[in-house]
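Numbering of ligands and ligand atoms starts at 1, following listing order. Numbering starts at 1 and runs along the sequence shown.
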Amino acid sequence: MSSRSMPASQDLQSTLREDRVFPPPPEFAATANIKSLEEYETLYARSIADPESFWAEAASELHWFQKWTKVLDWQLPVAKWFVGGKINLSYNCVDRHALGDKAGKTALIWEAEPVANGKAEVRTLTYAQLHVEVQKFANVLKSLGIQKGDRVAIYMGMTPELAIALLACARIGAIHSVIFGGFAAHAIADRVNDSQCVAILTQDTSYRRGTEIQLKRTVDEALAQTPSVKNVVVLKRSGSAVQMKEGRDHWWHELVAKADATCPAEPLDSEDPLYILYTSGTTGTPKGLVHTTGGYAVGTYLTTKYVFDLSNPNHPNDVYWCTADIGWVTGHSYVVYGPLQNGATVLMYEGAPNYPDFDRFWQIIDDHKVSIFYTAPTAIRAFIKWGDHHVEKHGLDSLRLLGTVGEPINPESWMWYRDRVGQGRCPIVDTWWQTETGAILIAPIPGAVPTKPGSATRPFFGIQPEVVNKEGHPVEPGHGGLLVVRKPWPSMARTIYGDAERYKKTYWSDVEGCYFTGDGARCDADGYYWLMGRVDDVLNVSGHRLGTMEVESALVAHPKVAEAAVVGRPDDLKGQAIVAFVSLDLAHAAANTTPEALAALKDELKKWVAKEIGSLARPEDIRFTDTLPKTRSGKIMRRLLRELATNGEIKGDTTTLEDFQGLAKLRETEE
Ligand code: WTA
């Protein structure tokens, strides 16, 4: 635990406004699934007193081919939920509705980014139509020899086919590994190789802010290093020219045209893997978190039902829009699996919020009568910066519930969201969770729990979070500490692909008997959780997780770089911005002394990182130094660098610092 820095209390003060409490708007609560605080507290108490019967009851709302024999088998850190049960998520998301009374209900509304003559392309699929498409594509996968347990990489833009691809994999028990469309070729190759994917699903290009992103071209680059891939399926999105390799690359539409429309969902074991999703940690390469079928189904189903108030008989016409890309866990759980299991109408938008104009999101909300809207604080901060008039141009009358995820939301942004977007009538659910947790763990139940701007409020049913000190003892209410979770929950990740040891070490070793989140938090006297950001070396840039190590590895791979240390500095828009301290290889250091040469080199290194990882990892700032400040044991003193990057000076204790000269130099090179 010694390497974890405890959150400083002064960081908190600016975000704490406990005097402001907003009860659920009465008109919302009147028709909500859970209508009062008392109802929440009674159900929560029951879920904690007997989690297994609570989760079993939730599970019985889903379709099982065969019921489980045991709810939980827990041998830390290995959890098995709904042991012996047979279930299929594709069935629960699609067939259950298509074969029931929701066949004609719209499952997906998709809006393309490009706008011509004031109009964008819109496609809708009813549950019955989605059923056909998912079965056809499942047959396409089978026709390529893809079987249960095979890993399938997906590198696509936000198209209906992406959702269909996930559901088709889930249908036959193939394990999908979605790679965010912003990652570069190396990052794709690393992920594909780690889990030995047999196929990649991609598209020719995707649209983003008016430009075409060359997805297939990037995949081609990655494919030079991925021998396990036997087949590539390419969706024609823009019609842009791409290279197709005979025998390996296939056009999506051609395979679908030949595919049979019947493919029954495979009864899968509760613990059969559903997907792998890579996420950044403190050390090494990104970790492939493995989620399995039964528990993940129950966790995503129930959290969506209660936190987003879906499956609500009073609101059969809800249109639900989560703006996350399916490349991240939020897209997995809250674009695809959670809302579709609830039989909701899900909106998917392909592109950027500010294309062609800054009011695109508000236009979409009005056009499609979106009632539930879930986005990230970084987006909200951008909306604020762009100006209220973009929001005020639109009625937004259809909205009834707003959500945020991905990073702490500052109270000012929260208030803006509530007043300007929600017009005071929509509850805000600030949802705290992680790739590892699979589903929301802390968030207000909107009709029941009063909200406080900046707090994710209270735990979801069955979840027992706790704030502890480095020794694992609970801290007093109001004191900062490390956020842990005491008991297993159904949607938790089961392991890191191919590295059970690392899973145990990363999550289950810091605080005995507990899952350690990596986040700092405090819990106030009312039992409200206030998240304070990571206490480890994981950065959160615009709500996206990045490991400092990943960016450092990319930098030192550059021939001119000797050493690199990467830290985050607070950023008004992105939450955190990446600052890299770089020492140059001696020969290059001597040759690059002029300001022009250094400026050019900074640019070169920024581009290099974007090329190695993806533009989301591009450093905001690069500072050159002769050496990096290190402890006597040789560890880079990131705390000092963080202070330097943030305040421009170092106030803390430097007595363990070995190389004062390095520190002095760092000061000199400051801009
Ligand atoms: C942060 C995204 C404060 C946190 C679902 C966590 C948050 C990490 C919140 C997980 C929130 C997410 N308030 N911080 N509401 N939601 N975080 O795996 O640091 O991409 O550990 O999952 O994001 O990021 P991940």
Side-chain angles (χ1 to χ4, degrees), residues 4 7 11-12 15 178 180 182-183 275-282 286-289 291 299-300 303-304 307 322-335 337-338 374-381 402-411 413-414 417 428-444 451-460 465 467 480 482-485 491-493 496 506-507 510 515-523 528-547 550 568 574-576 616:
R4 320 262 191 209
D11 292 348
L12 284 175
T15 59
V178 184
F180 173 60
F183 279 117
Y275 68 79
I276 302 171
L277 186 59
Y278 287 82
T279 191
S280 299
T282 43
K287 305 168 287 214
L289 270 312
H291 281 286
T300 52
T303 48
T304 316
V307 178
C322 164
T323 68
D325 192 291
I326 292 177
W328 308 105
V329 75
T330 305
H332 285 62
S333 299
Y334 298 109
V335 175
Y337 292 116
Y374 187 30
T375 195
T378 190
I380 296 169
R381 290 191 298 266
L402 301 174
T404 73
V405 63
E407 51 186 317
I409 181 163
N410 50 313
S413 302
W414 193 102
Y417 196 33
I428 295 186
V429 290
D430 174 354
T431 63
W432 177 87
W433 60 294
Q434 309 177 296
T435 305
E436 293 85 344
T437 69
I440 293 165
L441 296 198
I442 305 178
T451 46
K452 301 182 187 186
S455 169
T457 79
R458 300 177 61 174
F460 190 73
V467 181
L482 309 167
L483 183 66
V484 299
V485 185
S491 65
M492 62 198 255
I496 292 174
T506 309
Y507 303 110
D510 279 305
Y515 168 77
F516 176 53
T517 62
D519 276 344
R522 58 188 283 284
C523 182
Y528 277 55
Y529 288 83
W530 299 78
L531 278 303
M532 287 150 45
R534 304 288 305 197
V535 296
D536 53 16
D537 294 323
V538 172
L539 304 175
N540 192 328
V541 181
S542 301
H544 298 153
R545 253 168 91 163
L546 272 172
E550 272 172 273
K574 297 178 177 175
Q576 277 187 308
L616 70 164

Is there a donor in the side chain of Tyr374 and an acceptor in the side chain of Thr330, or the other way round, less than 3.5 Å apart?
-> no

Tell me, which residues have any heavy atom less than 4.0 Å from some atom of ligand 1?
-> Val329, Thr330, Val405, Gly406, Glu407, Pro408, Asp430, Thr431, Trp432, Trp433, Gln434, Thr435, Asp519, Leu531, Arg534, Asn540, Arg545

With Pro444 via side-chain contact (heavy atoms from CB on, under 4.5 Å) - residues at least two apart | Val429, Val449, Thr451, Thr457

Where does the angle between the aromatic ring planes of Tyr275 and His291 fall among parallel (under 30°), tilted (30 to 60°) and perpendicular (over 60°)?
-> tilted

Under the side-chain contact (heavy atoms from CB on, under 4.5 Å) rule, collect the residues that match up with Thr279, sequence neighbours excluded.
-> Lys287, Leu289, Thr435, Glu436, Arg545

Who are the salt bridge (Lys or Arg N to Asp or Glu O under 4.0 Å) partners of Glu407, not counting sequence neighbours?
-> Arg381

Any side-chain donor near an acceptor of the partner, Tyr334 and Thr303, under 3.5 Å = yes

